[in-house]
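See structure below.
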Amino acid sequence: MSFASRAAGFMNHPAGPKTIFFWAPTMKWGITAANVNDFSRPVEAISYPQQMAVALTGIIWTRYSVVINPVNYNLMLVNVVMGATGLYQLSRKIRADYMQDTSSLLK
């Protein structure tokens, strides 16, 4: 298969760059990248409501992305990563807020 025919197939795909099915998840990668960048932020700056929204959005839309027609793997992947980053940030916040280091209490 030549490059030209593969490029034409990509451009004319039902979830290709001529549709919203391509651009919406592509732009959503920006939100996910910002959340990954926040891994270096102090735990005190993490917001429960924000990270719950990020995690739930990722989980809910992952399911939706495989039910719609055409199946949108870009949307599925961005939402899997978005849900994972949200859950990771929530775990950081929960560990800091509720699971204190007991060794410091013994001193």
If you measure from OG1 on T85 to CD on Q51, what distance do you get to the nearest 0.5 Å? 7.0 Å
Distance-only side-chain donor-acceptor flag, S5 / S2, under 3.5 Å: yes
For the pair F39 and Y88, name the ring-plane relationship: parallel under 30°, tilted 30 to 60°, perpendicular over 60°. perpendicular
Specify the closest pair of heavy atoms between A96 and V43, including all atoms of both residues, with the distance to one decimal. CB-CG1, 3.2 Å
Would you say I60 ends up clustered with V66 if hydrophobic residues are merged whenever their side chains have heavy atoms under 4.5 Å apart, either directly or through other cluster members? no
What are the two closest heavy atoms between M11 and P17, and how far apart are they? SD-CG, 3.7 Å
Got Y73 and S65 here, is their nearest side-chain heavy-atom distance under 4.5 Å? no
Is it true that Y64 and N79 share a donor-acceptor pair across their side chains at a distance under 3.5 Å? no
Pair N35-M82, side chain to side chain contact (heavy atoms under 4.5 Å, CB included): steps then yes or no: CA-CA 8 Å; N35 209 31; M82 180 176 271; 6.0 Å; no
Kindly work out whether a path of hydrophobic side-chain contacts (I/L/V/M/F/W/Y, heavy atoms less than 4.5 Å apart) joins L77 to V67. no
Where L90 and A55 come nearest, the two heavy atoms and their spacing: CD1-CB, 4.3 Å
Trace of the side chain to side chain contact (heavy atoms under 4.5 Å, CB included) decision for D38 with R92: CA-CA 11 Å; D38 287 347; R92 285 182 60 211; 6.0 Å; no
Out of curiosity, W61 CH2 to K28 NZ, how far, rounded to the nearest 0.5 Å? 7.0 Å
Given the rule that I, L, V, M, F, W and Y join up when any side-chain heavy atoms are under 4.5 Å apart, are M52 and I94 in one cluster? yes
Assigning hydrophobic clusters by single linkage (Ile, Leu, Val, Met, Phe, Trp, Tyr; side-chain heavy-atom cutoff under 4.5 Å), is M76 placed with V71? yes
Which pair of non-hydrogen atoms, one from K93 and one from I46, has the smallest distance, and what is that distance? CE-O, 3.3 Å
Does A8 offer a backbone N or O that forms a donor-acceptor pair with the side chain of N12 under 3.5 Å? yes
Hey, which of N74, N72, L75 is the one that makes side-chain contact (heavy atoms from CB on, under 4.5 Å) with F21? N72
